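Only one structure is covered here, and it is reproduced in the block below.
Order of the sequence lines fixes the chain letters, A, B, ..., with proteins taken first and strands second; residue numbering starts at 1 for each chain. Since the structure is predicted, the reported quantities are computational estimates derived from the model, not experimental observations.
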Amino acid sequence: MYPKIKNRTFVFNDQDALKSIIAKPHEFIPYGNGRSYGDSALNNNIIYVKPYNYFIDFDENDGLLQVQSGVLLGEILEAFVPRGWFLKTTPGTKFITIGGAIAADIHGKNHHHEGCFSECIKEFKIMLPDGKIVSCSKETIPELFCATCGGHGLTGIILSAGIYLKKIRSKYIEQTTIKTKNLEETFNTFEEYYNAPYSVAWIDCLAKGSQMGKGLLMVGNFKKDNQLDYKEKNKFSIPFHFPSQALNNWSVRAFNWLYYNKIKEKISKQTVDLDTFFYPLDAISHWNRIYGRNGFLQYQLILPKNNSQEGLSKILKIISDSGKGSFLAVLKLCGKSNENYLSFPMEGYSFALDFKIEKGLFSLLDRLDKVVIEHHGRIYLSKDVRTSRQAFEQGYPQIEAFRKFRKRHKLGLKFQSLQSKRLGI
Amino acid sequence: MSYILIIGAKSDIAKAVAREYAKHGYDLYLAARNAHELHKFARDISVRSQRIVKILELDIRDFKSHHFFYEQLEEKPLGTISAVGYLGTQYKAQTNFHELQRIVETNFTGIANLLNIVASDLEQRRHGFIVGITSVAGDRGRKKNYIYGSAKAALGAYLSGLRNSLHGAGVHVMTVKPGFVATKMTAGMDLPERLTAQPEDVAKVLFKAQQKKKNEIYVKSVWRWIMMIVKVIPEWKFKKMDI
Ligand SMILES: Cc1cc2nc3c(=O)[nH]c(=O)nc-3n(C[C@H](O)[C@H](O)[C@H](O)COP(=O)(O)OP(=O)(O)OC[C@H]3O[C@@H](n4cnc5c(N)ncnc54)[C@H](O)[C@@H]3O)c2cc1C
Ligand SMILES: NC(=O)c1ccc[n+]([C@@H]2O[C@H](COP(=O)([O-])OP(=O)(O)OC[C@H]3O[C@@H](n4cnc5c(N)ncnc54)[C@H](OP(=O)(O)O)[C@@H]3O)[C@@H](O)[C@H]2O)c1
């Protein structure tokens, strides 16, 4: 992973212990399970929250689950899928903590219907710089709520949360896969299937010319067959770092080609279990090793709907011309933005891809940033290690309000990440 | 369903083990010093797994209390798992009898005294299992921690004898050597990542091995090889080494 830094790690068992940690005269940043790709959870002193992971209560009547913030989404699934409950919002990995889900205000394949993670939060408890613990909901303290959801750990340590789960009647998903020929068709297909609860597309971002933007759109919905026996699967692990050359242009192309051509029909239907549908990468532990020892980084942007076609065409062209391939390119139609100061989604298309870290990459990404800004889009802080302060500020018009909030509550003296310093958040 | 008794239940490894057994449908007795501190954890398990969890006070060095402790359990446990341990401070234990005594009693005599009681019950019932957590430190004494190591070695010998003794009664005894585990015992130590297990890893491996009636396990299999090598180094050479 990138960057690699040495740091001091603090752990706590209870609130008092945490209180005496943050009373020390240092800066801290909370760290969940480290699944953010960027530097938002990194600094010299990190507070490791994952071991703070008790389940507190569950109400069968309304699906309200209360947990400490170190609980992993996967632990919730393990306990509650067999009882017919699922997360209202989940990202593409289940190995993140509740704290990380709130702090990044994560979005899933149903964002166009259900919005971000903050939608399912009844309230959370957070420790502020003076050690005080505050219970916060959108109704009671809207400012703190909107700053914390998406605030990437910069408003305090989230200790626990009450989140609503939703009822499901199967662990299986009825999936429809639609093969598209180019970007325009991909967009049209997203719109055509707008009503499907879950949707996402894999794009072959090395395809050129008239094929640019071709891919597979996958939409899905839970089945209702009462099959709920959910168990952890054995993982396939990539045992060693691939030599750096392995992921050259040709191997990426071969991968995209295989994936795309495996599906023969224009429209096909599959039944897949929820792990396959939501968490394809979790099945391969250490999958990042495929990128060699130098590691990789991820780039995720979103453009308003009106500018998506034009902007993404430019972005795809820049990428395919550069030959710096992506193992994964994921396109997703998002719904309306929310009021949180630093949440990422807006109504439009989000696009995420991986890059192997190599010479010339950073200047390529600077060029992509420019296109994103020109088209009034933004990049996702959870995935960022390198963008400029200027590109960041233009993408997040509420940054000034967030900065003022931090200043007013003296949050900047206690909570800083490498990212917040780099971008002056 | 059957109860599992976990002693030293506040240890990070024990907690992961408790969750693992509850996940597989067992009810739990959690025994520890200052056991009231386990209330939130007991709640955690019952929210996760909907199992019954009972909390019991036990100081493993309070030998006289052990009989009563076991007698008070209305339904006797199917399995007993000991995670009690105390690393102590080696240099202190070399001069201070109380530290020496504490290490030996916590890691060996206390556990042996309680397991004697459990074992005799299981032997009569001709059913059940015992799991003891020892340490690779007991495989060979090293200058850094040979007092802890020798107490763990004693527990290892005790468990292998017990295994032998209870075999005929159909009672199984398993010895677990975790290697390095990231817990509060090792917090702040700079442990090599590849050799270090998480408490959850220990729990999964322990549960599976116990169900399969394994006798002696290392949590990460590299440790089997490491200790095989450590054990064959001749003593004349070992004594000069700084490991
Ligand atoms: C394979 C994969 C797929 C992904 N898919 C998606 C996706 O579909 N949608 C999406 O939105 N994201 C996605 N992500 C990103 C991921 O969901 C977020 O980065 C998430 O925040 C990681 O959570 P974590 O617990 O690992 O936290 P970390 O990475 O450790 O921290 C993330 C941020 O949360 C803060 N934080 C953590 N815990 C607390 C706390 N208790 N209190 C306050 N702040 C805290 C940290 O300071 C940091 O700023 C994906 C990541 C991976 C690896
Ligand atoms: N972590 C490792 O790397 C490692 C490696 C090899 C073996 N082990 C062994 O694994 C087991 C669990 O260790 P751990 O890492 O989880 O460390 P731990 O948290 O320190 O566990 C030790 C437990 O023993 C309990 N204990 C100590 N004295 C006691 C007494 N007199 N009566 C009752 N309980 C007592 C402690 O209770 P309190 O909470 O009340 O102090 C604590 O819960 C131990 O046997 C340890 O030796 C650990």
Side-chain angles (χ1 to χ4, degrees), chain A residues 1 4 6-17 21 33-34 48 50-60 63-68 70-72 74-85 95 159-160 162-163 165 229-235 237 239-241 285-286 289, chain B residues 9-25 28 30 32-51 53 55 181-191 193-194 196-205 207-208 211 220-222:
Chain A
M1 290 283 180
K4 269 190 188 153
K6 269 232 170 279
N7 51 33
R8 262 199 301 171
T9 304
F10 295 84
V11 280
F12 60 99
N13 278 329
D14 54 37
Q15 298 173 356
D16 289 339
I21 293 170
N33 199 29
Y48 185 39
K50 193 180 128 200
Y52 191 68
N53 68 356
Y54 287 172
F55 284 48
I56 301 166
D57 212 346
F58 181 65
D59 186 341
E60 294 277 352
L64 181 66
L65 172 68
Q66 298 186 56
V67 290
Q68 291 179 340
V71 164
L72 296 176
E75 296 177 83
I76 296 178
L77 300 186
E78 189 171 65
F80 286 97
V81 170
R83 290 147 79 176
W85 298 93
F95 299 124
L159 288 171
S160 62
I163 62 166
L165 301 182
D229 54 322
Y230 178 77
K231 280 196 204 81
E232 201 181 0
K233 290 185 195 166
N234 278 336
K235 280 194 213 162
S237 171
F240 52 84
H241 289 275
S285 49
H286 305 301
R289 287 183 181 160
Chain B
K10 271 156 60 190
S11 108
D12 294 330
I13 293 175
K15 282 172 150 175
V17 169
R19 281 179 176 163
E20 186 72 14
Y21 274 84
K23 191 166 95 188
H24 288 91
L28 299 171
L30 302 180
R33 293 183 294 189
N34 300 318
H36 61 92
E37 288 171 17
L38 281 168
H39 278 295
K40 284 187 178 163
F41 179 65
R43 180 75 192 144
D44 167 76
I45 291 191
S46 51
V47 174
R48 282 176 194 253
S49 312
Q50 300 177 292
R51 304 316 315 172
V53 186
I55 293 172
V181 189
T183 66
K184 60 177 186 276
M185 185 181 266
T186 54
M189 298 184 190
D190 197 10
L191 302 176
E193 200 185 314
R194 287 183 70 94
T196 306
Q198 296 301 314
E200 295 76 28
D201 303 331
V202 180
K204 284 207 173 85
V205 171
F207 176 79
K208 254 200 195 145
Q211 297 282 314
K220 278 183 166 266
S221 47
V222 294

Tell me, side chain or backbone of [X] under 4.5 Å from chain B's heavy atoms, or both, or neither?
{"X": "A/Q68", "value": "neither"}
{"X": "A/D14", "value": "neither"}
{"X": "A/R83", "value": "side chain"}

Step-by-step side-chain contact (heavy atoms from CB on, under 4.5 Å) determination, B/R19 to A/N53: CA-CA 12 Å; B/R19 281 179 176 163; A/N53 68 356; 3.0 Å; yes

Rounded to the nearest 0.5 Å, how far apart are CZ of B/R48 and CZ of A/F58? 14.0 Å

For the student: nearest non-hydrogen atoms of A/D57 and B/R43, plus distance: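 Taking every non-hydrogen atom into account, OD1-NH2, 2.6 Å.
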
Within 6.0 Å of CD in B/E193, more than 12 heavy atoms from elsewhere: no

